[in-house]
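Working notes for the structure below.
Counting starts at 1 for both ligands and their atoms, in listed order. These numbers were taken from a predicted model, which means no experiment stands behind them.
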Amino acid sequence: MFFGGDYNPEQWPEEVQEADVALMREAGVTAVTVGVFAWSHLEPVEGRYEFDWLDRVLDRLHAGGVKVVLATPTASPPPWFTAAHPEALPVTADGVRLTHGSRDTYCVSAPAYRDAARNIAGELGRRYARHPALAMWHVHNEYGTDCRCDLTAEAFRGWLRERHGTLDALNEAWTTAFWSQRYTDWAQITPPRATQYLPNPAHVLDFRRFLSDEMLGAYREQRDLLRAGNPDVPITTNFVQGGWVSVDHARWAESVDVVAVDHYPDSAGIGAEEETAFAGDLARGWGGGPWLLMETAPNLIYTRGRMHAKEPGRLTRHSLGYVARGSAGAMYFQWRQPRGGAELFHSALVPHAGPDSPVFREAVRLGRTLAVLAPQLAELAPPAAEVAVTWDAPSWWALQGAGLPSAGIDYLAAVRQAHRALFRSGIMTDFVFPALGSDLSRYRMIVVPHLYLAPPEVAALLRDFVASGGHLVVGHLSGIADACARVGLGGYPAAFRDFLGVRVTEWHPVDPGVAIALDDGTTAFGWSERVETTGATVVARYAEGVLAGEPAVTRNGTAWYVSAGLDDAGWQRLLRSVAAEAGVAPVLEDPPPQLEAVRRGALLFLLNHGAAEAVVPLPEPGTDAITGNPVGRSVIVEAGGFRVIRNGQAAPV
Ligand code: GAL
Ligand code: ZN
């Protein structure tokens, strides 16, 4: 069980570091992430390494019984590096070369950067691979930079040659016949840069794929060096979750030993619990099993433009929410709040106020709770669901492009909405990745929001799922284009038309704030379509506007099509009824409002996000996993509190 956070001893004098270890012991901290941005302290001058201070930190932590997740510091090259290698500074799409002064000021395609990164990673590997405190390697931090320089252009062209083989194939894939973009020499191709009018969507999409692969290559170089030092230490890098999809995490997952995720909810209130559930389920999907919450905020949550403090109990509920969804612990950014620097007000387990503070006191209680749960969780696999939602980073990239039919298209919002409908229905949910050939056979029901890119293999996977009796709910803007963002012809969604039994002849995007009624009482926003049925039966029709009387929601056997942008209530109602038909039950029948129930094997986590005490009926008696006391057919969960109950058939004797 990992419980701790990012620890930056290089920011503090040694006496504070001594106090830190004592406080970590008090809070039951089991592991800290060290060195994430410490490059200028580890290598103050090119090729001169100073490891003594880090030796002392690791030894001190080891003596205190705290394990170390040791990071390579390559997300923030020191000033000497940029002074010596100005060509390795990133260039924006506008041609502006960025300067030093923040973090991540490097170009991942610059040979000088790659050399310097390999050097420092190799040195760390040689020195610490067998240190007794080392629990895991943490390569870099949140891969996700963007550069459009000439070095990047060179690397991009190499990647394109691999992908497309010939220029003819690339011209075909990118539809360069449009606007006279036909390339006759590889050297003519650059990264997408500032240009007069709309860019070519296939060009932009391939560049996003290239950046993801390029960063993956940089990660693997470091991983291989570290592995050579000690093959038994797991190696990872922290993936980012949120409104930013820097790399194709699902594709990266096979290259890390454990999926580690940074998640910062960007809403306060109940929205934050829904995001926590979403992040946990998606992280579990990426790794296909156990994962680790590497960073989240202990207290203040950054929401749009304003920080919100977590009220008492929320740090605990969020942390348990991640653990219930398969995380091997809960780690935070960060241990001690810094006195200065760019993120001086970002929350910490030890805040500016010091340990005599609500957040530290809650951390101490949480540490005790996790210590009691740790041995019980160790015997349990992560949760497994019977329902899944699809995820596809390239579809997100494609739907971020320009020239789309509506400015309101939002891939992440669509996926979150589908997940939220299941979450609010108390139905456990996994994520699957059709573009990567996920095995769908263990699911009874799959929801497909905005799966815009659907090459034939993806369509085949979903078609087979339906043919073998699976219940499939496809939302609009799915099955539209191939992997090169070329639209399938003959009516949307060309790739899925046969098994959906529909044919869409026109899109009718809807202006913001305009509601469209369907004849079953549902309301839709943002999107509507002219749908012809070619075998499907109509579940609901548009009740007003130019599409009045036309099909809005259809079903063809067990394949549903949702053409309209249903509101939350509409999605919830639809997905509940499909789940019931598919034989999928919620974790608890009729839970009290705002009571989140997650089952991980024999453990049932009950998180009360509401302001009132909740009386929760249980399907069977069991024991309280924290106190060991027996519980009957119902338990009380105090307002803002939690219970973990051990019951269910999976309970070991
Ligand atoms: C994370 C990052 C941390 C810190 C944190 C604060 O994304 O990895 O270094 O910046 O955000 O929000
Ligand atoms: Zn570059």
TODO: Under 4.0 Å from a heavy atom of D262: give me the atoms of ligand 1 that qualify, with their elements.
DONE: 8 (O)
TODO: Ignoring hydrogens, just give me the one of E343, H263, Q241, E295 whose non-hydrogen atom is nearest atom 8 (O) of ligand 1.
DONE: E295
TODO: Enumerate the atoms of ligand 1 whose separation from the nearest heavy atom of N141 is less than 4.0 angstrom.
DONE: 2 (C), 8 (O), 9 (O)
Task: Straight-line distance of Q417 CD to L412 CG, nearest 0.5 Å - done: 11.5 Å
Open item on the list: Using a 4.0 Å cutoff against the non-hydrogen atoms of F37, which atoms of ligand 1 qualify?
Closed with: 9 (O)
Task: ligand 1 contacted by Q334 (non-hydrogen, < 4.0 Å) - done: no
Open item on the list: For atom 5 (C) of ligand 1, what is the closest protein heavy atom, and at what distance to 0.1 Å?
Closed with: Y264 OH, 3.4 Å
Open item on the list: Under a 3.5 Å threshold, yes or no: a donor from one side chain and an acceptor from the other, between H450 and D392?
Closed with: no
- [ ] Indicate, as side chain, backbone, both or neither, the part of R103 found under 4.0 angstrom from ligand 1 when only non-hydrogen atoms are considered.
- [x] side chain
Task: From CA spacing to verdict: ring-ring contact (aromatic ring centres under 6.0 Å, His included), F333, H346 - done: CA-CA 8 Å; F333 183 87; H346 197 282; 5.2 Å; yes
TODO: For E142, counting its heavy atoms only, list the atoms of ligand 1 lying under 4.0 Å from any of them.
DONE: 1 (C), 2 (C), 7 (O), 8 (O)
TODO: Any chance you could measure D6, atom CG, to N141, atom CG, to the nearest 0.5 Å?
DONE: 7.0 Å
Open item on the list: If we count only N and O atoms by modelled type, under 3.5 Å, do the side chains of E273 and H318 hold a donor and an acceptor together?
Closed with: yes
Open item on the list: Need one value: angle at the Zn ion (ligand 2), T152 atom OG1 versus C149 atom SG, rounded to 10 degrees.
Closed with: 100°
TODO: Determine the minimum heavy-atom distance between A202 and C484, stating which atoms define it.
DONE: CB-O, 3.5 Å
Open item on the list: Distance alone, cut at 3.5 Å: any donor-acceptor contact between the side chains of T316 and E362?
Closed with: yes
